[in-house]
Amino acid sequence: RRTSMRYDRDYYEQQRPAAGMAKRVDDARDRFSVRHHRKEVSSGSVLDVGCGRGDLLRLMAGDFRLHGIELSPDGLEQAAQLVPDARLVAADIEQGSPFARPFDAITAINVLEHLGEPAAGLASIASMQEPGGVLVVHLPVIGNRTQARLYEGGYASDPTHVWRPSGPEVRESIEAAGYRHLRSAYAPFLPVWAMTRLAIHPAWFGVFRRIAP
């Protein structure tokens with residue numbers, strides 16, 4: 001079972017470096033996520049599930065009313081400093097939704113792979129969106145040998161990864177929770193969308209729209 005003790009300050013410093021190539025990759029992924037969010041929703045309320053230190057929420061400041069869910073007290077403390085205008089809540093998404101309001105946009109970036117019960121987490125996410133709301137998801141996946149080798153060379157070093165699905169399995173799980181698939185891709189996330197459909201890199205990105213229950 002996951003515990004917040006795993007997601008301490010050292011964890012964030014290791015998983016979200018403050019400099020170097022890893023930071024540039026993370027920042028590029030976040031900009032990619034925000035760009036695709038804004039293709040579907042240009043304003044309104046946004047919820048970042050597993051908001052960590054608030055890096056992604058900061059990119060949405062000014063256009064959206066900011067909200068965040070985070071399991072880690074250390075993460076929330078840092079997020080409160082980085083995005084002081086955001087409403088932040090300590091919660092475990094597998095245990096249900098801490099927000100009653102529906103959100104126009106929800107992000108779950110590098111979250112689902114940490115869930116022992118991803119269906120429960122996705123059900124909680126879906127409960128916070130009315131039909132028409134947009135969900136953007138990113139996580140590492142394993143769908144073939146090449147992805148498995150790359151996963152073992154990097155993502156496997158994080159012991160908090162407990163769900164290791166393929167890209168199609170992620171899509172099926174999200175659709176089962178009440179979403180319609182809009183588009184998805186594997187890294188590198190290039191401007192030419194067709195060039196990112198090759199299942200070589202483990203990093204998978206998807207955009208979904210909430211449909212009527």
Side-chain angles (χ1 to χ4, degrees), residues 28-52 56-57 59-60 63-70 91 93-94 96-143 147 161 163-199 201-213:
R29 178 204 61 220
D30 286 350
R31 290 193 298 269
F32 186 83
S33 300
V34 172
R35 183 164 67 250
H36 282 277
H37 241 142
R38 287 175 174 153
K39 282 185 178 181
E40 309 298 332
V41 181
S42 60
S43 62
S45 58
V46 62
L47 170 66
D48 188 18
V49 178
C51 64
L56 183 60
L57 283 174
L59 293 180
M60 294 185 175
D63 296 326
F64 293 90
R65 297 184 299 277
L66 306 179
H67 303 74
I69 295 173
E70 175 54 45
I93 195 66
E94 290 182 84
S97 166
F99 290 108
R101 64 174 300 158
F103 292 94
D104 301 294
I106 296 180
T107 54
I109 308 301
N110 292 344
V111 171
L112 299 181
E113 70 271 26
H114 298 269
L115 304 185
E117 300 177 10
L122 287 167
S124 296
I125 289 172
S127 73
M128 294 184 284
Q129 282 195 305
E130 292 183 345
V134 173
L135 171 65
V136 171
V137 169
H138 175 279
L139 74 160
V141 298
I142 303 176
Q147 288 180 332
H161 288 191
W163 190 40
R164 300 184 177 185
S166 66
E169 287 172 336
V170 177
R171 174 176 171 174
E172 291 172 5
S173 297
I174 295 174
E175 289 176 330
Y179 287 88
R180 176 168 61 88
H181 174 260
L182 299 181
R183 52 191 177 273
S184 55
Y186 298 90
F189 304 126
L190 303 173
V192 181
W193 190 264
M195 293 179 66
T196 66
R197 294 171 131 180
L198 297 176
H201 197 277
W204 186 90
F205 175 89
V207 183
F208 297 82
R209 188 175 301 281
R210 183 77 166 96
I211 59 177

As a test of understanding, state which of Asp30, Val46, Asp48 forms a side-chain contact (heavy atoms from CB on, under 4.5 Å) with Met60. Val46
Output the distance between atom [atom1] ([X]) and atom [atom2] ([Y]), rounded to the nearest 0.5 Å.
X: Ile93; Y: His114; atom1: CD1; atom2: NE2; result: 14.0 Å
X: His161; Y: Glu113; atom1: NE2; atom2: CD; result: 4.5 Å
X: Cys51; Y: Ile109; atom1: SG; atom2: CD1; result: 12.5 Å
X: Ser166; Y: Trp204; atom1: OG; atom2: CH2; result: 9.5 Å
X: His181; Y: Glu172; atom1: NE2; atom2: CD; result: 11.5 Å

Verify whether the ring centers belonging to His36 and Phe205 lie closer than 6.0 Å.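 Yes, close enough.
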Between [X] and [Y], is any pair of side-chain heavy atoms under 4.5 Å apart?
X: Val141; Y: Arg171; value: no
X: Trp163; Y: Ser173; value: yes
X: Leu182; Y: Arg180; value: yes
X: Pro202; Y: Leu139; value: no
X: Leu122; Y: Tyr179; value: no

Quick check against the 3.5 Å criterion: does [X] have a side-chain atom that pairs as donor or acceptor with the backbone of [Y]?
X: Glu70; Y: Gly52; result: yes
X: Gln147; Y: His201; result: yes
X: Arg210; Y: Ala126; result: yes

Between [X] and [Y], which heavy-atom pair has the shortest distance, and what is it?
X: Val136; Y: Ser33; answer: CG1-CB, 4.2 Å
X: Arg38; Y: Leu59; answer: NH2-O, 3.2 Å
X: Gly121; Y: Leu115; answer: CA-CD1, 4.0 Å
X: Gly50; Y: Val111; answer: CA-CG2, 4.0 Å
X: Ala91; Y: Ile69; answer: O-CG2, 3.7 Å
X: Gln129; Y: Leu135; answer: OE1-CB, 4.0 Å

List for me each residue that meets ring-ring contact (aromatic ring centres under 6.0 Å, His included) alongside His67, sequence neighbours excluded, and say none if there are none.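 Listed in chain order: Phe99, Phe103.
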Distance-only polar pair, side chains of Ser45 and Asp104, donor-acceptor under 3.5 Å: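 Yes.
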